[in-house]
Structure formats: C-alpha cells, structure tokens
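Lettering of chains follows the sequences in order, A, B, ..., and the numbering in each one begins at 1.
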Amino acid sequence: MARSARHLTSLLRVSTRVRFAPAPTGFLHVGSARSALFNWLYARSTGGEMILRIEDTDAALRKPEFIDAIVKPLQTLGITWDEGPYYQSQRKQFHVEAVEQLVENGHAYFCNLTRDEADALAAEAGLPAGYHGWSRDKGIEDGPDCVVRFRTPDEGEVVINDLIRGEVRFQCSELEDFVIRRSDGSPTFLVANAVDDADMSITHVIRGEDLLNTTPKVMLLWEALDLDDKPEYAHLPLLVNEQRKKLSKRRDDVSLMDFLAQGYLPQAMVNHLALLGWGPPDEKEIRPIEEIIELFKLENVNKGSAFFDTVKLDHINGEYIRALPVDDFVSMAEPFVYAVDTEVPWEREQYRPEVFAFIAHEVQQRVNVMREIPNFIDWLFVDEVSYNERAWKKAMEKGKQVPEILDGIIERFTDVDWTAEALNGAVSAVGDELGARSQVPARVAITGTNAGIPMWDAVSMLDRDVVLRRLRKARSLL
RNA sequence: GCCCCCAUCGUCCAGCGGCCUAGGACGCCUGCCUUUCACGCAGGUAACACGGGUUCGAAUCCCGUUGGGGGUGCCA
C-alpha cells in the first residue's frame with residue numbers, strides 16, 4: 001500500500017483492522033500462533049479485517065523459507081488474513097523517509113558511539129546503565145558508524161489505555177534515546193511499526209505482553225511523525241512453560257508444525273490456544289470455532305500468564321479425534337503408519353492397510369494424539385512381539401495357572417475355526433475349565449501387553465501359525 | 001539495579017461488591033460399566049498469596065508486603 005493511500009483509508013475507517021506481525025525466525029512459535037489467533041478472533045468477531053505483515057527489518061531475517069514457515073502453519077490452522085503478506089523490508093523507503101523527517105525536525109540525532117562506549121560513559125559518570133543522550137546537540141554528522149537516535153522528552157509521561165490491562169503509564173525520563181536507524185542505514189522495527197500501522201490504518205494492535213515496554217516508544221514516534229489516529233492496544237498474557245518462564249525456542253517445544261506433525265489436529269490446537277487467556281462465559285470448553293468467534297470478547301481476556309499444558313492439549317485432541325468419521329481417521333492416520341518418512345515399529349512391507357482399516361474404529365477410541373496409533377497395532381505387523389515388562393510380570397508371573405491356560409489355548413487353537421468368535425470362545429472355554437482368567441494371558445502372549453483394542457477380530461486376520469508361535473514362545477518362557 | 005506487568009484448586013478457565021459453605025474443565029483418586037485397556041457414567045481431592053484499609057457486606061475496590069514474570073540490543 002502506498003503512503004498516499006493512508007488518508008483515504010483512515011477516513012473510511014468503518015471497521016476494525018488488526019494485524020499479525022511476526023518476525024520471521026524460522027518457524028511459527030505456538031505463542032505467535034496464539035497471538036495470530038486472538039487477532040483473528042477479534043477481527044472475525046467484529047466483522048473487521050486482518051492483515052499479515054512480516055517484520056523483517058533485520059537483514060538476517062530476510063529469507064524466503066522463513067516466510068513459508070509462517071504462512072503454512074497459519075493456513076493449516078485456518079487463520080486467514082484479508083491483506084498481505086506485506087513485508088516491512090519492502091517498505092523500507094517509507095521508514096527511511098520517516099527517520100529523515102525526524103532528524104530534520106529535531107526529534108532525532110546522529111550518534112557515533114558504540115554500545116560499549118556508551119556503557120563506559122555511564123559507568124564513568126556514575127549513572128545507571130543505559131544511554132544518556134551523550135550525542136545530543138553535539139552536531140555530529142552522519143557517517144559510516146553512525147546510528148540515529150530518537151530524542152525522548154526529558155519529562156512528561158506516555159499513557160497507554162490497554163484494552164486488557166487498563167491504563168499503563170511510562171515516565172518519559174525513564175525512556176532512553178533509542179536507536180531508530182542502524183549504522184547500516186536500516187530503520188529499526190519501532191519506526192517501521194509506527195509508520196506501517198499508520199499507513200495500514202490499523203485500529204487495534206493485539207500482541208504479546210513482552211512488547212508492552214516498546215509501546216511508549218512507538219507512541220512517541222507516532223506523535224513526532226504527526227501520524228493519524230493511534231491504534232488501540234491490547235497486550236496478551238504470555239504463554240509460559242512449567243517454570244513459568246516465557247516459552248522459548250531453546251528450552252521448550254514450541255514449534256507449531258512439530259505439534260501438528262505429531263498428530264495434534266489443527267482444530268484441537270486452535271481450540272486449546274483459544275482457552276489460554278480466555279474462556280467462554282458458559283464454561284463449555286470444547287466447541288466449534290464459529291462459536292468461539294461469536295463468544296470472543298477482547299475485554300474478557302485475562303492478564304495473567306498461562307501455562308501451555310500439553311496434558312490438557314492431549315485431552316482436547318483426543319476429543320477431536322474421537323469425533324472424527326472413521327474414514328477420516330483412517331486417512332489422517334496414514335502418515336503415522338505408512339508414509340515413507342515415518343518411523344514405524346514394523347517392516348514397511350509387513351503393513352496391511354486393510355487390517356488397520358478393519359480395527360481402526362477401536363484404535364480411534366483410544367488415542368489422544370495420532371502418533372500413538374502404532375502402539376496399538378504394532379503387534380499386527382511384526383514377526384515377534386516384545387513383552388511389556390510390567391504386563392508380563394502382572395499377568396504371566398503372578399497370574400494363576402498361566403502355563404495350563406496357555407497349553408489349553410494352544411491345543412484348541414490348533415484346529416479351531418479361525419474366526420473372531422471361535423477364537424474368543426475357545427479362550428473363554430479354557431478359562432472356564434480351569435476356573436481362571438484366560439483372556440489376559442492370551443493377550444499378553446499374542447500382543448505383548450495387557451492393554452489394547454478388543455483383540456479377536458484383529459487376531460483372526462493373523463495367520464494361525466504366527467499366533468501359535470507366539471503362544472508357544474510365551475509358554476516356553478514360563 | 002531500574003522500568004513495566006501479574007497474582008482464584010497442581011494446571012487452564014468462571015467469578016467484575018451480596019446469588020460463593022467459590023463454579024466448570026484437565027490431572028489425580030474411588031466406584032459403576034466392561035472377559036483387557038479406553039470411552040461413558042457417578043462420586044471424591046484441591047484454590048481466593050499475606051497484611052492493612054473502604055463498605056452494612058470483599059475473591060471482587062484501594063494501599064502496602066511477598067512472590068512470579070516481562071523489558072532493559074545497531075532482535076522483534
């Protein structure tokens with residue numbers, strides 16, 4: 001959008017315009033996804049528009065693959081935008097002009113000090129760390145190692161009426177003369193922020209609380225540049241880890257795509273994210289996005305940080321999985337059981353899709369995350385099962401008359417009709433004869449563990465030889 | 001250090017001066033259902049950080065303390 005369009009659009013400010021403005025850091029962070037979601041919810045619930053703007057003023061962030069890493073996950077989540085993506089790097093000339101304007105009208109000045117030099121000066125002068133306007137009024141000319149700093153007012157205050165937090169006040173005296181143009185000539189995000197939000201007629205800036213402290217600086221620039229109506233601000237509570245620290249790339253699992261790749265459904269992820277910092281008035285947590293849009297109110301967003309709890313996510317995801325039509329579940333399961341780049345516990349050639357499809361409805365009832373699927377079906381596609389240690393101890397070592405039970409089952413299985421009903425009947429008959437529980441030992445011998453899907457339908461699809469071999473092996477280990 | 005923000009069950013959310021002997025969800029525990037597990041169902045566990053005000057009345061308003069977090073870059 002050209003700058004000249006600014007006046008027109010702001011005159012026509014009929015609806016809310018929000019923007020999601022991530023820095024392209026290589027992948028979409030769940031925290032960023034949450035910010036995007038809340039912007040989107042606000043736009044959709046107010047009939048407004050959402051703009052996607054990539055904040056790549058730092059040259060190091062300007063890589064095409066980084067853009068994809070933002071756009072794709074958003075699309076997957078169903079978070080759509082009405083305009084953009086715009087790139088701050090492509091709007092650089094406007095930011096440069098703004099900086100020039102500020103220098104010209106005395107709101108900014110050149111400074112040739114490095115950070116270290118400025119710190120040394122502060123230490124010498126016995127002042128607290130920070131930049132203390134050393135280069136103000138020194139008549140320093142622009143040069144290769146010069147930055148441009150904004151001259152913050154010596155007194156007065158900046159008041160922000162945050163839609164979530166209420167009034168937040170900053171004393172101008174606490175704000176240092178911050179850099180608005182680097183020595184390589186590139187403007188920093190603070191300038192880009194003010195100029196772009198004005199040009200794009202943004203009415204509401206909704207973002208993480210970690211940016212709250214930068215807001216007064218942008219406000220000051222806004223005024224010094226004589227821009228139009230300021231947007232409203234709303235600072236969202238941060239998403240934190242178990243230690244209550246801001247979710248970080250280094251310590252925590254925060255890649256949205258990684259979560260999706262593990263088999264969290266996009267809708268479940270969105271639902272969960274919406275519940276962090278906000279809750280529906282009627283306390284019904286799991287619900288379609290349309291209802292969330294309808295119920296969403298920015299004023300109802302919390303102030304306190306929220307723990308990104310994957311245990312709760314698992315539960316929500318499980319609900320979404322169970323609500324899926326079986327056919328959808330089966331096709332969505334494919335990447336987790338068969339895709340070439342998937343690690344599965346069986347030889348790829350051994351996998352039989354028709355077997356999985358046959359018992360998929362039972363698996364669907366039991367998984368919370370798609371990646372758990374192989375745990376329920378591995379015994380169907382491997383030659384030999386490995387025994388779950390606890391299950392073996394409990395059912396086989398501590399169980400009553402297990403050798404006799406297995407002997408009985410082996411004998412009957414040798415010539416029983418190979419149908420689920422007959423197999424089940426045979427095992428129960430052995431148990432009845434001996435007055436012992438026969439189902440669990442059979443399960444452990446055949447599947448390797450004591451918990452899982454109802455098994456006889458599935459077993460009937462295995463070869464008699466395979467099943468007998470497993471029973472005999474288990475018997476021999478007792 | 002300085003600036004800013006925050007504070008209800010372990011966790012997420014409800015509560016916006018009386019409806020609160022604080023509600024829902026996840027987790028955990030118990031029971032029912034079930035020839036395993038899970039689902040489902042019925043129960044249970046567990047919180048207003050502390051201290052002062054204001055008020056007839058405070059989880060809700062104000063102040064302070066404590067605790068937690070964020071920022072403090074020529075990153076955004």
_Just the rounded figure in Å: distance from C1' of B:G73 to CG of A:D116._
11 Å

*Between B:C12, B:C5, B:G71, which one does the side chain of A:L276 approach most closely?*
B:C12

*Under the 3.5 Å rule, do the base of B:C37 and the side chain of A:R366 count as making a donor-acceptor pair?*
yes

*So, do A:W278 and A:F296 have ring centers that fall under 6.0 Å from each other?*
yes

*Any side-chain N or O of A:T447 less than 4.0 Å from the OP1 or OP2 oxygen of B:U36?*
no

*Taking N and O atoms by type only, does the side chain of A:S305 place a donor or acceptor under 3.5 Å from a partner on the base of B:C6?*
no

*Using only heavy-atom distances, decide whether a donor-acceptor pair under 3.5 angstrom links the side-chain of A:K284 to the base of B:A25.*
no

_Selection from B:U36, B:C39, B:A76 that lies nearest to any side-chain heavy atom of A:N450_ = B:U36

*What is the distance, rounded to the nearest whole Å, between atom NZ of A:K303 and atom C1' of B:C16?*
10 Å

*N or O in side chain of A:R115 less than 4.0 angstrom from B:C74 OP1/OP2*: yes

*Between B:C74, B:A76, B:C16, which nucleotide has the shortest distance from any of its atoms to the side chain of A:A23?*
B:A76

*Give a yes/no answer on whether the side chain of A:K245 brings an N or O atom under 4.0 Å of OP1 or OP2 in B:G69.*
yes

*Under 4.0 Å: is that the gap between some side-chain N or O of A:N302 and OP1 or OP2 of B:C13?*
yes

_is_close_aromatic(A:H361, A:F329), centroid dist under 6.0 Å_ = no

_Rounded to whole Å, how long is the line connecting atom NZ of A:K92 with atom P of B:A76?_
12 Å

*Sort out the partner of B:A49 for me: Watson-Crick or G-U wobble, both distances under 3.5 Å, none otherwise.*
B:U65

*A:N213 CG to B:C5 P, straight-line distance once rounded to whole Å*: 9 Å

*Nucleotide paired to B:A42 in any strand shown, Watson-Crick or G-U, under 3.5 Å*: B:U30

*asked:* Let's test this: given Watson-Crick or G-U wobble pairing with both distances under 3.5 Å, identify the partner of B:C74.
replied: none

*Does the side chain of A:K246 get closer than 4.0 angstrom to OP1 or OP2 of B:G71 through an N or O atom?*
yes

*If you take atom types as modelled and just measure distance, does the side chain of A:E209 reach the base of B:G70 with a donor-acceptor pair under 3.5 Å?*
no

*Under 4.0 Å between a side-chain N or O of A:R244 and OP1 or OP2 of B:C12?*
yes

